[in-house]
J.: 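Sharing a structure below in structure tokens format, with a few things to ask.
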Amino acid sequence: LTNLAAEPAARHWHPVARSVDLSPGARVRTVLLGDRVIAWRDPGGEPRASGPDGGVLRLRDAYGLVWANLVPGEAEPPEYPAYADARYQHALCGPYGVRTSAPRIIENFLDMGHFPFVHDGILGERPRTEVADYKVHAPRLGHGPAASECVFWQPGASMLKHAGARVFYAYDVPRPFCAVLAKQPDAEGGQGVAILLAVQPALPERSIAWMVFSTTNLEPDEKTLRARQEQVFMQDKPILENQLPGRLPLGTRDEVAVPCDRLSLAYRRYLDQQRIGFGVIQA
Amino acid sequence: VAGADEVPVGHLFHGRLLGRELAVWRDPGGGVHAWDNRCPHRGVRLTAGTHCGGRIRCRYHAMEFDRDGACVHVPAHPGLPVPSRLRATAHACAEAFGLVWVSLVEPQDLPGLPVERPAGPLLALRPMPVRAPADRVLDALAGAHAGRVLGRTDLSLAFEPAAGCPEAVLFLLQPADRDRCIIRGVCFAPQQDSALLLRRYNLRLRTLRDSLEAGAHAPAPEEPLWAVEAVP
């Protein structure tokens with residue numbers, strides 16, 4: 001059992017279900033930070049949940065997900081600006097069970113170097129494997145690190161184009177187990193993509209990944225968008241489940257970084273500064 | 001940690017020793033290597049990667065490591081020097097008696113065995129994993145074999161030829177982790193057809209395993225971590 005009072009991750013919001021899962025007569029049984037949680041919706045439409053000792057959790061509906069907060073801390077789930085932008089349509093993806101820690105999943109999401117090898121033909125293409133330098137922004141109060149001016153060659157990154165293109169990315173880590181990606185292929189395509197990845201930390205080395213995939217391309221339906229995102233995530237999953245140890249090491253001795261890992265290093269420092277204990281090996 | 005024939009060139013063999021996972025492989029020159037089974041960059045199992053002749057390529061970022069464990073190629077930075085710390089952890093590894101041997105501490109000679117290696121042909125037995133600690137397995141082996149015991153160490157046991165077992169045999173226990181070990185063995189100067197001999201020992205070791213594991217219950221199935229259910 002996690003000592004929740006001592007675990008900073010317990011003060012944050014984490015997704016535990018899709019909003020549509022909590023329909024009348026149905027409830028969700030799951031695990032959050034090592035504790036059993038049961039969530040349902042009351043007759044007034046408000047989400048409700050009970051924790052292990054019958055304690056009541058705070059819940060919120062946001063971005064099509066139900067978020068839970070175990071220990072009173074921050075006021076609301078993290079911001080995801082694309083959801084309020086009328087130009088975007090959204091596909092909700094998950095739950096995807098992954099046998100690794102939440103921070104391993106987030107770190108993989110922040111990594112461009114694996115695109116040509118794990119997502120060959122989708123997010124990258126050999127021999128264009130080089131990762132150019134990018135800007136890393138230090139965490140600010142209540143918010144983790146970010147990166148901008150990330151650029152990578154992608155084959156057919158835009159659904160409007162069939163040729164490859166240099167794609168510009170920005171990454172943001174608003175919370176320890178939550179990350180946002182925004183990508184904008186060069187001006188003429190004009191298609192914008194944003195992805196919110198929020199990982200439900202169930203057990204230290206078992207997690208449930210949830211994503212909101214948002215795009216300005218209005219052609220495909222939600223099912224098609226979800227299938228595309230699922231294809232990419234299912235390529236990441238076997239990598240994630242083969243990382244040893246499953247917990248993310250925050251010390252600098254266990255794993256050796258290369259220059260394109262600057263965002264990964266900033267993320268590890270952020271978890272260390274936040275004193276996160278769940279799913280990590282502390283420095 | 002492996003039979004010599006379990007490690008052909010081109011394959012990455014997943015070994016286990018004292019709770020540690022190993023990537024065991026053979027270079028085109030015939031040399032055997034045993035590394036910690038994780039890429040030094042981001043920890044992905046090297047056995048999930050690719051054997052590229054004299055190099056191992058990680059599945060995640062396609063970093064390549066030479067036979068000494070040094071990273072020699074980082075595709076994300078083809079123009080930059082490779083950090084010298086970017087090395088797979090290599091252990092002392094040797095081949096003898098038809099088996100691959102690893103030492104996790106300082107490189108050292110092969111362990112003292114309770115028998116001299118006799119001249120003549122030998123035959124490595126099929127491995128038999130057992131869910132029991134090494135000392136129990138060794139006791140059970142000592143009680144189950146017909147021949148006179150020639151010698152015994154913490155992890156090995158040698159028998160003289162005897163009626164029904166016309167060959168000397170050396171059993172070696174690989175301590176995989178706390179409660180699991182792998183029985184390996186070598187027959188000296190096998191007189192019988194080797195396929196028959198392998199089958200005979202395999203049957204005996206299987207019987208031994210079944211008796212050692214009798215009463216041990218299978219782990220309970222895991223509960224799902226997420227489910228929608230009807231409100232009772």
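All values below come from the heavy atoms of this structure, side chains included, with hydrogens, waters and symmetry mates left out. Since the model is a prediction, treat every value here as computed from it, not as a measurement. Each chain gets a letter, A, B and so on, in the order its sequence line appears, and its residues count up from 1.
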J.: Quick check on A/R126 against chain B: is it the side chain, the backbone, both or neither that has a heavy atom closer than 4.5 Å?
T.: neither
J.: Considering only heavy atoms and a distance below 4.5 Å, find which of A/L203, A/I239, A/L22, A/L32 pairs most often with chain B.
T.: A/I239
J.: Among A/G113, A/G97, A/P259, A/P95, which has the most heavy-atom pairs under 4.5 Å with chain B?
T.: A/P259
J.: Taking the side chain as C-beta and beyond, is there a heavy-atom pair between A/F117 and B/C58 under 4.5 Å?
T.: no
J.: Between chain B and each of A/Q200, A/M112, A/H114, A/R128, count heavy-atom pairs under 4.5 Å; write down the option with the most.
T.: A/H114
J.: Does a side chain donor of either B/Y60 or A/N242 reach within less than 3.5 Å of an acceptor in the other side chain?
T.: no
J.: For a quick test of reading the model, state the closest non-hydrogen atom pair linking B/E222 to A/R206 and the distance between them.
T.: OE1-NH1, 3.1 Å
J.: Got a second to check how far A/T129's OG1 is from B/H61's NE2, nearest 0.5 Å?
T.: 11.5 Å
J.: At a 4.5 Å cut-off on heavy atoms, which part of A/V37 comes close to chain B: side chain, backbone, both, or neither?
T.: neither
J.: Out of A/V256, A/T30, A/V16, return the one with the most heavy atom pairs under 4.5 angstrom to chain B.
T.: A/V256
J.: Can A/E241 and B/R45 be counted as an ion pair, charged N to O under 4.0 angstrom?
T.: no
J.: What residue, out of A/P24, A/P238, A/A26, A/S264, has the most heavy-atom pairs lying under 4.5 Å from chain B?
T.: A/A26
J.: Can you measure from NE2 (B/H41) to CD (A/E255) and round to the nearest 0.5 angstrom?
T.: 8.0 Å
J.: Taking B/W226 for its side chain and A/A202 for its backbone only, find out whether a donor-acceptor pair lies under 3.5 Å.
T.: no
J.: Considering all heavy atoms of both residues, which atom of A/V131 and which atom of B/H77 are nearest to each other, and what is their separation?
T.: O-CE1, 3.6 Å
J.: Could you grab the distance from atom CH2 of A/W40 to atom CD of B/E229, nearest 0.5 Å is fine?
T.: 11.5 Å
J.: Under 3.5 Å, is there a donor-acceptor pair between the side chain of B/R38 and the main chain of A/L244?
T.: yes
J.: Please flag which part of B/V44 lies under 4.5 Å from any non-hydrogen atom of chain A: side chain, backbone, both or neither.
T.: both
J.: For B/P83, is it the side chain, the backbone, both, or neither that has a heavy atom closer than 4.5 Å to a heavy atom of chain A?
T.: side chain
J.: Working to the nearest 0.5 Å, report the span between CZ of B/R42 and CG of A/D111.
T.: 8.0 Å
J.: Nearest 0.5 Å please: distance from the CG atom of B/L225 over to the CZ atom of A/R29.
T.: 12.0 Å
J.: Hey, is CG on B/D154 packed in by over 12 heavy atoms from elsewhere, all under 6.0 Å?
T.: no
J.: Quick one: of A/A132, A/A17, A/P116, who has the most non-hydrogen atom pairs under 4.5 Å with chain B?
T.: A/A17
